[in-house]
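Right, one structure below, let's go through it.
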Amino acid sequence: MKKLVKNIKHLLPTGELVKRDILIENDKVMKIAFEIDEQTDMEIDGKGRLALPGFVDVHIHLREPGGEHKETILTGTKAAARGGYTTVCAMPNTNPVPDEVETVQKLQQRIEEDAVVRVLPYAAITKQLYGKELTDIPALAQAGIFAFTDDGVGVQTADLMLQAMKLAKAQNKAIVAHCEDNSIVYGGVVHDGEVSKRLNAPGIPSLAESVQIARDVLLAEATGCHYHVCHVSTKESVRIIRDAKRAGIRVTAEVTPHHLLLNETDIHTANTNFKMNPPLRSKQDQEALLNGLIDGTIDFIATDHAPHAKEEKEQGLLTAPFGIVGLEHAFSLLYTHLVLTEKVNLQQLVSWLATKPAEIFALPYGRLQAGSIADLVLIDLQQTEIIDKNNFYSKGKNTPFHGWEVQGVPTLTIAAGNIVYEGVK
């Protein structure tokens, strides 16, 4: 089937926006040119909106199987499509955990049946995410998983991480790490700093994250494994990753939109929609994250989309689960608060949301050019909207950004040549 997307703006490497048409046949972009006059099965009026490659998020939680009251593969991927994401990677903290080949195969079947965008599932590093016994990493790699992670908990022993890295390296798969030394978390629920004192709540020290990254980059150096750090949140972590890269260690890292846009001073009350792990850190940490992203220490942005049911988040600061949703308005928030404020440019943002995550994990996505997979999103750069959690496609409404006004809104998403989201016409 041929589709022609007429009258869009195309972002050139120079940063210039130019008028173009895009010809799509089946799941491929065939041509991008000033004026395409060809008989097709469908013509879409782009109305002068910006066409970008579909975004790639290597860190989301779809909750299915086992947590369907929080999110499902269907609702989570619909939320992704609304936000312009065409490839997402689903974390393994589900029930059952994808720690065996049969479980992975059942998950892949559910994805095939229900997902509206491309979903690449992770497998667990350890059985049941307990951090005690390694999974069958070679067999799981052959089953077609994306990478290995125990996201939500850090692997606590150096020996177990070392053995995991050796096996993952042999399979050319990455180890993706939630870095947290449980021995120094101290039951914390917010950052150990100004906010923990003000709310009289137990704090999670920055050291809990950074000491485990320091351990792991040395293990990655010893094994040659691709080691990827999830949701970096502290200035010390940025420094360790920067030093490791300078030493030639194969380490990459991500940062979330909420850690770029918020810090602990934004938490005014014991509002659990501001409770996430890692927590919102100090203003100095926030500044280090943006600087690290700009200088390439941190490679790209991932949302850590983590939906929870309303009643779970209403349990109170001490017992409510960690996590916020993030897929539907990530671009708009970042465009509004980073690009329009001239802290970064549009090309950088597109790279961090699409090109870099695809490149780093050797995925054939994240680019919009002739011959590429037809994953793209149209953005109305002038449109503004108020973020309203009641209108989310996600089952999760747990966001600290409810009521924020943003500019630059996704209006149409195409994944592998198929229209998967259509908003304002």
### Validation row, ring centre H337 to ring centre F401 under 6.0 Å
no
### Message
Less than 6.0 angstrom separating the ring centers of H59 and Y122, yes or no?
### Response
no
### Message
Can you classify the ring geometry of F146 versus F361 as parallel (below 30°), tilted (30 to 60°) or perpendicular (above 60°)?
### Response
tilted
### Query
Would you call the rings of F331 and Y335 parallel, tilted or perpendicular, where under 30° means parallel and over 60° means perpendicular?
parallel
### Query
Looking only at heavy atoms, what is the nearest atom pair of L327 and T303, with distance?
CD2-OG1, 3.9 Å
### Query
Nearest heavy-atom pair of Q212 and C179: which atoms, and what distance?
OE1-CA, 3.4 Å
### Message
Could you check whether any side-chain heavy atom of T86 comes within less than 4.5 Å of a side-chain heavy atom of V377, counting everything from C-beta outward?
### Response
no
### Query
With side chains defined as the heavy atoms from C-beta onward, is the minimum distance between I204 and P278 less than 4.5 Å?
no
### Task
Please confirm whether K78 makes a cation-pi placement over Y393, using NZ or CZ under 6.0 Å from the six-membered ring centre and within 45° of the ring normal.
no
### Query
In a check of side-chain hydrogen bond (donor to acceptor under 3.5 Å, both in side chains) between Q286 and each of D266, N291, N263, which one passes?
N263
## Note on the structure
One should read off an interatomic distance between E64 CD and K395 NZ, to the nearest 0.5 angstrom, of 8.5 Å
### Task
Assess the side chains of S394 and E71: does a donor N or O sit below 3.5 Å from an acceptor N or O?
yes
### Query
Between R281 and T234, is any side-chain donor less than 3.5 angstrom from a side-chain acceptor?
no
### For E25, side chain to side chain contact (heavy atoms under 4.5 Å, CB included) partners two or more places apart
K2, M30
### Query
Knowing that exactly one of H178, H259, H305 qualifies, which makes a ring-ring contact (aromatic ring centres under 6.0 Å, His included) with H231?
H178
#### Entry: Charged N-O contact under 4.0 Å between K197 and D192
no
